[in-house]
Amino acid sequence: MESSQTFSSIPDIVIVGGGAGGLELATKLGNKLGKKGRARITLIDSTRTHIWKPLLHQVASGASDPADHALEYLAQASWHGFQFRLGTMDGLDRVAKKIHLAPVYNESGEMIIPEREFPYDTLVLSVGSVGNDFGIPGVKEHCLFLDTKAQAVGFQKKLLETLIRVNTQQRKVEAGQLDVAIVGGGATGVELAAQLHQVTRQLTQYGLDVVNPDSDIRISVIDAGARVLPMLPEHISAQVTRELAKLGIDVISQAKVTKVSPAGIEINNDKVIPAAISVWAAGIKAPEFLSTLGLEVNRINQIKVKKNLLSESDDNIFAVGDCAAFPVDENGMSVPPRAQAAHQQASFVARAICRRLRGNPEIGEYVYRDFGSLITLGRYSTVGSLMSDLTGSVKVTGFFARLVYLSLYKMHQFALHGLVRTGLLTLTQLLRRTVDPSIKLH
Ligand SMILES: Cc1cc2nc3c(=O)[nH]c(=O)nc-3n(C[C@H](O)[C@H](O)[C@H](O)COP(=O)(O)OP(=O)(O)OC[C@H]3O[C@@H](n4cnc5c(N)ncnc54)[C@H](O)[C@@H]3O)c2cc1C
């Protein structure tokens with residue numbers, strides 16, 4: 001078996017998962033330690049490019065082209081003093097302090113990299129999360145998920161092809177032929193619904209005009225709870241529900257999904273909501289393989305961590321982001337799976353690793369700071385609540401809310417590229433908007 005074993009004495013810090021948390025961490029540690037030869041930083045990811053996950057619903061609707069936002073891991077690694085290795089972690093030997101990567105195959109099924117092992121002194125697991133189907137029959141087979149760039153691009157193609165097919169068919173548009181049902185009334189489901197409403201109107205302006213979006217496309221958001229956006233105050237959830245209703249988007253609450261079939265979503269063992277496209281955005285779980293590593297995990301495979309983000313089972317293994325179960329209260333609630341938490345935890349672990357390398361085992365405790373949540377309904381509106389130490393939760397809307405919403409992505413870009421490049425990237429994206437169509441048409 002090929003091994004990445006090298007023979008220098010500097011510490012090996014291996015980060016698995018280059019998402020919102022892992023890539024920021026690799027970049028920080030590469031700049032601080034890797035460039036100075038004080039540690040070898042290795043980032044491993046199962047894909048070759050990074051895209052910030054909260055952009056995926058925009059990619060799925062066609063409102064954003066992934067090529068405009070994708071970052072090449074190899075280039076980022078060479079600019080910031082770390083090494084990148086392509087591969088999917090599937091095993092861990094805690095005694096030998098090595099991780100195992102599965103062989104890598106190309107699209108034609110040929111093996112391009114055999115299985116490998118990587119030694120570590122410190123391991124950081126930041127492998128994110130995937131949609132949780134809760135074992136409901138038909139979800140895996142008939143729903144689209146939005147966990148990866150490939151899935152979001154697959155969704156965008158399916159939507160476009162469905163519209164093109166209907167637009168060129170000889171017969172009239174049939175009822176239900178273009179219906180989209182989204183399961184999950186959290187931020188992802190609600191934002192996707194509004195974004196789809198917007199792009200289906202834009203597509204008709206680009207010539208797909210046989211379809212009348214107002215009468216031919218029905219978008220539904222289905223949720224088991226009493227209201228959408230349960231993480232936001234009730235008045236904000238009510239406002240968003242009213243705005244969705246104004247757009248003609250159906251919000252179906254207290255609807256427990258019992259089955260999914262090619263015909264649509266069955267709710268409460270009773271009614272079927274017809275859907276040509278069904279989307280699953282109803283909760284997350286950490287990747288399955290985490291429960292096989294011999295580390296303590298919770299019921300959704302998240303690694304149980306101590307207050308300093310070290311695994312409860314191993315003081316050489318940190319976990320950050322969606323795959324970490326960091327307790328926030330006595331009732332067993334964990335930090336919510338959000339980009340802002342992954343960002344904060346990456347910063348904490350970067351400092352903790354630097355301290356440990358300086359021989360200081362006192363790394364302190366991570367404190368989760370909830371800055372609030374914002375929901376953007378496409379170009380129609382942005383609304384949410386911001387948390388302040390002085391006033392508690394403050395409702396924000398309109399242009400200011402939109403600016404704060406956009407700033408979260410800018411903070412991620414700033415952590416990866418610094419001020420000047422983030423400014424240049426923003427300018428490039430603004431300029432491209434003046435020459436590109438407002439939605440992806442291929
Ligand atoms: C559509 C959508 C919209 C969202 N919107 C928001 C929002 O508006 N605000 C917000 O705060 N949060 C939002 N989130 C949640 C946010 O994206 C996540 O909380 C955040 O990305 C978690 O960061 P992470 O680093 O833990 O994992 P991720 O960013 O998911 O990265 C995980 C990485 O690990 C890699 N990986 C996985 N398994 C392996 C393996 N076995 N071996 C090697 N590599 C592996 C993956 O390829 C990926 O690059 C949204 C999520 C989605 C899906």
Side-chain angles (χ1 to χ4, degrees), residues 14-26 42-61 64 70-71 73 84-92 99-102 104 116 118 124-132 144-152 155 182 184 186-193 195 229 231 279-284 286-290 292-293 301-303 319-324 326 334-346 349 370-376 382 384 404-409 411-412 415:
V14 175
I15 302 161
V16 185
L23 185 55
E24 289 189 14
L25 177 62
T42 304
L43 174 69
I44 293 165
D45 200 284
S46 39
T47 59
R48 294 164 207 236
T49 54
H50 161 78
I51 187 158
W52 195 57
K53 213 171 161 184
L55 293 176
L56 288 185
H57 63 272
Q58 292 183 34
V59 172
S61 65
S64 285
L71 175 64
Y73 285 119
F84 171 70
R85 295 292 178 264
L86 178 67
T88 299
M89 177 180 170
D90 62 358
L92 169 68
I99 61 161
H100 184 269
L101 301 193
V104 178
R116 283 162 297 165
F118 281 81
V124 184
L125 294 170
S126 47
V127 290
S129 61
V130 293
N132 192 345
L144 299 174
F145 287 74
L146 284 187
D147 297 325
T148 63
K149 184 180 88 177
Q151 288 171 344
F155 181 105
I182 301 164
T188 304
V190 165
E191 292 187 340
L192 178 66
Q195 201 91 60
L229 305 173
M231 71 291 191
V279 187
W280 194 259
I284 60 116
E288 215 77 52
F289 82 96
L290 293 178
T292 66
L293 304 180
N301 309 326
Q302 289 173 314
I303 296 162
V320 302
D322 287 6
C323 73
F326 181 89
S334 295
V335 165
R338 289 198 196 150
Q340 57 170 301
H343 170 79
Q344 291 170 20
Q345 293 178 357
V349 170
D370 184 354
F371 291 106
S373 292
L374 289 158
I375 304 298
T376 182
T382 304
V404 181
Y405 182 87
L406 294 174
S407 70
L408 192 58
Y409 182 38
M411 269 162 61
H412 178 62

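One-based numbering, in listed order, for ligands and for the atoms of each. It should be emphasised that the depicted structure is a prediction, and the values quoted were computed from it without experimental measurement.
- Listed by first and then second residue, the salt bridge (Lys or Arg N to Asp or Glu O under 4.0 Å) pairs involving residues 336-346 are R338-D370 (not counting sequence neighbours).
- With hydrogens and angles left out, the side-chain atoms of T47 and K149 include no donor and acceptor closer than 3.5 Å.
- Taking every heavy atom of G21 and a limit of under 4.0 angstrom, the matching atoms of ligand 1 come to 25 (O).
- Counting heavy atoms from C-beta on, the side chains of R48 and L86 come closer than 4.5 Å.
- The shortest contact between atom 30 (O) of ligand 1 and any protein heavy atom is with K53 CD, 3.3 Å.
- Residue contact check: L146 has heavy atoms under 4.0 Å from atoms 53 (C) of ligand 1.
- The protein non-hydrogen atom at the shortest distance from atom 9 (N) of ligand 1 is L408 CD2, 3.9 Å.
- Residue contact annotation: Y409 has no non-hydrogen atom under 4.0 Å from ligand 1.
- Listed by number with element, the atoms of ligand 1 under 4.0 angstrom from any heavy atom of Q340 are 11 (O).
- Nearest non-hydrogen protein atom to atom 39 (C) of ligand 1 is V127 CG1, 3.6 Å.
- Side chains of V335 and Q345 form a contact here, defined as non-hydrogen atoms less than 4.5 Å apart.
- When all heavy atoms are compared, the tightest approach of L146 to K53 is O-CE, 4.4 Å.
- Of the protein's non-hydrogen atoms, G128 CA, 3.2 Å is the one closest to atom 27 (O) of ligand 1.
- The closest heavy-atom contact to atom 40 (C) of ligand 1, among the options E191, M89, E24, R85, comes from M89.
- Partners of S407 according to the side chain to side chain contact (heavy atoms under 4.5 Å, CB included) rule, which considers only residues two or more places apart in sequence or in another chain, are V404.
- Residue contacts with ligand 1 for V16 involve side-chain atoms from C-beta outward but no N, CA, C or O (heavy atoms, distance under 4.0 Å).
- Residue contact annotation: S126 has a non-hydrogen atom under 4.0 Å from ligand 1.
- The backbone N or O of F371 sits less than 3.5 Å from a side-chain atom of Q340, completing a donor-acceptor pair.
- F145 has its side chain out of reach of V130: every pair of non-hydrogen atoms, C-beta onward, lies at least 4.5 Å apart.
- Although no hydrogens or angles enter the test, the distance criterion places no donor-acceptor pair under 3.5 Å between the side chain of Q195 and the main chain of Q58.
- For the ligand labelled ligand 1, residue G87 lies inside the 4.0 Å heavy-atom shell.
- Using a distance-only test at 3.5 Å, with no hydrogens or angles considered, a donor-acceptor pair links the side chain of Y73 to the main chain of G18.
- Note on ring orientation: taking the six-membered ring where Trp is involved, the planes of H412 and H50 are tilted (angle from 30° to 60°).
- At a heavy-atom distance under 4.0 Å, only side-chain atoms of F289, from C-beta outward, approach ligand 1.
- Of the candidates A342, A339, A281, the one placing a heavy atom closest to atom 11 (O) of ligand 1 is A339.
- Only side-chain heavy atoms of Y73 come within less than 4.0 Å of ligand 1; its backbone N, CA, C and O stay farther off.
- Looking at heavy atoms from C-beta onward, L408 lies out of side-chain contact with L374 at the 4.5 angstrom threshold.
- The shortest contact between atom 7 (C) of ligand 1 and any protein heavy atom is with P54 CB, 3.8 Å.
- With distances taken over non-hydrogen atoms, the option nearest atom 19 (O) of ligand 1 out of D322, D45, V335 is D322.
- Note that the CG atom of D90 and the OG1 atom of T292 stand 8.0 Å from one another [nearest 0.5 Å].
- Listed by atom number, the atoms of ligand 1 under 4.0 Å from P337 heavy atoms are 15 (C), 19 (O).
- Counting heavy atoms closer than 4.0 Å to ligand 1, residue T88 contributes atoms from both its backbone and its side chain.
- Interface atoms of ligand 1 facing H57, defined by a heavy-atom separation under 4.0 Å, are 1 (C), 3 (C).
- Less than 4.0 angstrom separates some heavy atom of G19 from each of these atoms of ligand 1: 25 (O), 28 (P), 29 (O), 31 (O), 33 (C), 49 (O).
- Polar contact check, G321 against ligand 1: no nitrogen or oxygen pair lies under 3.5 Å apart.
- Of the protein's non-hydrogen atoms, the one nearest atom 34 (O) of ligand 1 is G17 CA, 3.3 Å.
- Scanning A102, A20, A346 for the heavy atom closest to atom 29 (O) of ligand 1 points to A20.
- When all heavy atoms of L55 and I51 are compared, the pair lying nearest together is CD1-CG1, 4.5 Å.
- No donor-acceptor distance shorter than 3.5 angstrom exists from the side chain of Q302 to the backbone of A286, with no hydrogens or angles considered.
- Taking a cut-off of under 4.0 Å to the non-hydrogen atoms of S46, the atoms of ligand 1 that pass are 36 (N), 39 (C), 43 (C), 44 (N), 45 (C), 47 (O).
- Counting protein heavy atoms only, atom 2 (C) of ligand 1 is closest to T188 OG1, 3.6 Å.
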